[in-house]
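In the text below, chain A, chain B and the rest are named by the order of the sequence lines, each starting its count at 1.
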Amino acid sequence: MSTSTKTKARRVSTHLKHLEAEAIYLMREVMAQFENPVLMFSGGKDSITMVRLAQKAFWPGPIPFPLLHVDTGHNFPEVLERRDELMEEVGADLIVRTVQESIDKGRVKEEEGPNASRNKLQTVTLLDAINEFQFDAAIGGARRDEEKARAKERFFSHRDRFGQWDPKNQRPELWHLYNGRKRKGEHFRAFPISNWTELDVWQYIEQEDIKLPSVYYAHEREVVNRDGALLPKSPYITLIGDEEYETKTVRFRTVGDMTCTGAVESPASGVQEVIEEVATAKVTERGGRADDKRSEAAMEERKRKGYF
Amino acid sequence: MSNVQTQTQSTNGAADDTGATYEDMDLLRFSTAGSVDDGKSTLIGRLLYDTKAIFKDRYEQIKQASDRRGLSEVDLALLTDGLSAEREQGITIDVAYRYFATPKRKFIIADTPGHEQYTRNTVTGSSTVEMIVVLVDARNGVLTQTRRHGFIASLLQIPHIVLAVNKMDLVDYSEEVFSEIQNEFRTFSEKLDIDDVSVVPISALKGDNVVEKGDNMPWYDGSTLLHHLENVKVDATRNTVDFRFPVQHVIRPDQNFRGYAGEVASGSVAVGEPITVLPSGKQAHVEKLQSFEEEHERAEVGDAVVLSIDDEIDISRGDMIVRSRNVPQTESQLDADLCWMSEDAMQTNKRYLIQHTTRTVQAFVTNVVYRTNVETMHREAADTFTLNDVGRVESETAEPLFFDPYKINRKTGSFIVIDPDTNNTVGAGMIRGKAQGVTPVGEEPTEEEEKTAIQTKSPNVVWEGLNIEREEREARNGHEATVVWLTGLSGAGKSSIGRKLERKLFDEGCQTMLLDGDNVRHGLSSDLGFSPDDRAENNRRVGEMARLFFEQGSIVICTFVSPYRKDRDFVRSLLPEDRFLEVHVDADVETCKERDPKGLYEKAERGEITNFTGVSAPYEPPSEPELVLRTDDEDVEASVDRLAALLEERGVV
């Protein structure tokens with residue numbers, strides 16, 4: 001595009017321009033091909049990036065679909081704070097459904113023991129919410145580089161009536177033609193930032209000057225080292241044996257359920273330092289998540305059941 | 001890990017005043033094709049590992065897995081396997097996407113398996129790429145599978161193909177083995193419609209020539225695979241000439257604003273330009289081009305924008321906005337190449353859906369012209385297509401599509417076929433043009449078809465041979481006869497170069513003839529206009545005339561816009577191999593417009609000339625010209641010198 005006449009020119013890297021255009025194209029296809037889409041929002045950096053992309057896709061109109069937060073009840077308070085602030089800024093509709101409700105209704109049973117996590121339980125809450133509102137497309141910020149089970153995921157991912165993903169029965173996606181046709185009761189997941197890597201997301205956050213929850217940047221915090229993961233002190237965690245909290249300068253690379261989101265020791269206090277750190281990182285982003293470590297095929301398992 | 005460039009360097013760009021610290025990276029999408037046995041997964045693992053795109057925890061995972069399997073080395077192939085079902089079988093079953101980056105470029109790899117459902121997967125994975133890396137095992141050389149991949153690359157019009165001859169370590173890094181495979185593949189690839197073919201000897205296992213050169217093949221002085229990936233020109237598949245804007249979604253925040261959201265599929269447009277909306281044909285002007293909080297003077301191919309116009313026209317999703325003087329073909333009878341992707345065979349009496357740009361219409365396949373045997377590339381008679389079949393079909397749509405041939409515009413020339421009963425994507429199509437009712441292979445044409453088919457109208461004339469052979473004339477002239485064909489946009493400099501070259505050759509004692517577009521149209525072709533059919537006929541006449549001068553021993557210099565590849569290829573087919581030099585006289589259309597020596601662009605822009613190449617008609621650049629002269633970079637003398645040097649090099653003079 002030729003330089004804007006009305007606002008200052010942004011510095012835009014060519015690869016980000018391609019990725020942004022692809023994501024915007026996807027968002028608009030979802031809006032055009034489905035009747036009742038929803039944007040899944042976790043409060044993390046990918047979700048927040050998705051909100052910016054949705055703003056761009058439909059500007060000068062508002063974001064035309066609601067946002068859905070499946071709340072485990074084990075959130076970082078900083079994440080909720082940023083979430084609420086962001087909703088004010090963009091004027092989006094936010095729907096919150098909690099795992100606690102699902103537990104209270106007897107839809108799911110809380111895990112027990114010191115490693116209890118509500119991550120698996122989110123699936124039921126999410127699918128219940130999709131049913132409740134009759135959403136036919138759920139837009140998510142998952143990326144193919146996050147985990148190898150995702151490398152074959154489509155942009156438009158078909159789910160059967162049980163919300164399940166069948167890796168052997170996915171439609172071929174050719175050129176930029178996305179087939180979102182479905183039977184009644186079925187729905188789709190759509191992943192506009194499939195082709196982005198963690199580094200791309202951070203570079204985009206820098207380029208667009210996107211504000212994230214403070215936990216993404218270095219701060220002092222009490223953490224406990226459990227099997228190599230630095231878990232943050234919270235009301236939802238119980239120490240085992242001779243474990244004890246220690247104060248470290250850390251940041252989080254993902255912000256899921258506090259009970260299973262590991263911190264990394266890091267002095268990176270701003271986006272540029274984070275970019276440098278991500279570029280040289282030795283551990284994958286999800287490597288800090290205790291829930292993925294349970295088995296080699298953990299992610300795939302959850303995906304089949306409809307979590308993603 | 002080896003000391004190659006790493007992702008970290010991508011953050012080391014000089015800080016500018018906005019404080020940004022990364023350099024501008026571009027993006028290359030490429031696919032990899034080959035079977036498990038060719039070492040494809042190992043190659044991808046090697047690329048990721050040597051460019052440090054692998055994290056420590058992931059490396060630990062595969063190290064553990066390798067240990068469990070009792071392997072002595074870490075199996076890099078394990079990096080790229082995905083689903084547990086395949087892990088059990090030790091194979092990959094679908095297209096998987098991988099990512100890595102170097103300081104120059106981000107790469108998206110579409111990893112396609114070579115065995116089961118090979119065609120479907122290779123077509124899917126390669127539909128968006130600009131390069132395909134085909135693997136062969138050095139011990140086996142070029143196989144039918146290799147040819148199949150080459151054919152698909154050609155069908156999909158992928159501009160660059162790299163043959164990676166892997167497992168060189170298992171043939172003692174033998175130059176001879178490599179040369180043999182290279183020669184065989186190059187001979188084969190001459191039959192393909194691919195611009196750029198490279199062959200690289202590698203060992204994915206040991207790393208030679210993947211990212212680093214290594215010490216084992218000192219005889220190889222070409223580039224490493226990564227060097228190819230980093231330096232190939234990107235965006236070659238984009239059409240920057242013909243403005244096409246398929247409307248994705250209408251944005252209407254309030255009564256005062258109505259904008260059309262979409263991505264510029266090809267070409268560019270500026271505020272104020274006259275546009276036409278298809279299918280209504282209504283006209284207006286571009287009023288605004290906007291993206292998030294920004295307004296633009298111009299939008300180019302690939303830009304996601306919201307376009308608004310100065311008139312109230314009813315426009316909805318599936319409509320296409322184009323420049324008023326450069327419109328696509330609007331047809332409901334399509335001639336297309338089709339790849340079938342479903343277990344259910346194609347049916348010619350079944351209603352399908354065709355999804356094309358942002359439009360979905362009902363369609364029937366009316367005629368199977370032929371099926372291509374992807375291994376021999378022979379055309380076979382067929383009534384239907386089954387899974388993995390590729391061939392040519394004709395179809396009819398319930399409403400017309402607005403398209404350009406796939407060869408000149410991927411975005412407006414591609415479509416998918418959907419089965420409305422299952423909602424599955426069952427076919428992938430590439431449009432050739434309007435269906436002409438071609439007779440299927442293996443059938444006799446009807447009398448009617450005989451009449452309409454393009455054919456020679458004087459079938460009883462026998463070619464007698466020449467009285468005096470060309471060779472005799474050449475011997476007397478002291479130089480060879482040849483045809484130099486200068487093609488390019490009006491104003492690119494064809495005539496200037498042609499005239500100077502002829503003068504130079506003539507002064508050196510050569511027998512020459514200059515055939516110029518305008519002159520021919522004063523006499524020989526004064527009955528013809530500029531429609532594609534008339535251009536083809538004009539081209540045929542010129543070609544035949546060039547051949548006569550050629551047989552008479554001349555160096556024939558032809559200066560014709562000749563925008564269509566098939567027309568130029570026709571002239572090439574009239575002449576012996578190596579006696580037709582296709583020279584692309586290339587300059588930006590903007591430069592040509594500025595030069596506009598005959599004032600034609602101005603007239604064309606005003607709409608006084610229709611079908612004007614570069615304004616209202618397409619130009620198909622040569623895919624493999626003998627020479628390209630960039631006349632916006634060099635002057636006429638320099639171009640003439642380079643042309644004369646080529647003639648000398650070829651032994652013509």
Heavy-atom cut-off 4.5 Å, strictly under: side chain, backbone, both or neither for [X] against chain A?
X	result
B:F257	side chain
B:D235	side chain
B:I108	side chain
B:V123	both

For a 4.5 angstrom cut-off between non-hydrogen side-chain atoms, does [X] reach [Y]?
X	Y	result
A:P60	B:I251	yes
A:L19	B:K106	yes
A:W175	B:L156	yes
B:T358	A:Y25	yes
B:R120	A:P172	yes
B:Q248	A:I24	no
A:R181	B:L353	yes

Stepwise side chain to side chain contact (heavy atoms under 4.5 Å, CB included) check, A:W59 with B:Q290: CA-CA 9 Å; A:W59 193 87; B:Q290 305 180 70; 3.4 Å; yes

Chain B contact via A:R52 - which portion, at a heavy-atom distance below 4.5 Å: side chain

Using 4.0 Å as the upper bound for N to carboxylate O, is an ion pair formed by [Y] and [X]?
X	Y	value
B:R29	A:E22	yes
B:D303	A:K17	yes
B:R317	A:E29	yes

Closest non-hydrogen atom pair, A:A21 against B:G302: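 A:A21 and B:G302 have their closest heavy atoms at CB-O, 3.5 Å.
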
Which atom of A:P62 lies closest to which atom of B:P253, heavy atoms considered: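 Looking at all heavy atoms of both residues, the shortest contact is CD-CB, 4.4 Å.
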
Separation of [Y] [atom2] from [X] [atom1] (nearest 0.5 Å):
X	Y	atom1	atom2	answer
A:L174	B:T128	CG	OG1	9.0 Å
B:S342	A:R171	OG	CZ	12.0 Å
A:H176	B:S414	NE2	OG	6.0 Å
B:H249	A:F58	NE2	CZ	5.5 Å
A:L177	B:T425	CG	OG1	9.0 Å
B:Y99	A:T197	OH	OG1	9.0 Å

Does [Y] offer a backbone N or O that forms a donor-acceptor pair with the side chain of [X] under 3.5 Å?
X	Y	value
A:T14	B:D26	no
A:R28	B:G262	yes
B:T124	A:E173	no
A:Q55	B:F292	no

Options A:N195, A:V271, A:D200, ranked by heavy-atom pairs under 4.5 Å with chain B, top entry: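 The residue among A:N195, A:V271, A:D200 with the greatest pair count is A:N195.
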
Between A:R183, A:H18, A:K182, A:Q33, the one whose heavy-atom pairs under 4.5 Å with chain B are most numerous: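 Highest number of heavy-atom pairs under 4.5 Å: A:H18.
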
Heavy-atom pairs under 4.5 Å with chain A, option from B:R252, B:H356, B:R105, B:R238 with the top count: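 Max contact count across the listed options: B:R238.
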
Neighbour count >12 (heavy atoms, 6.0 Å) for atom CG, B:D254: yes

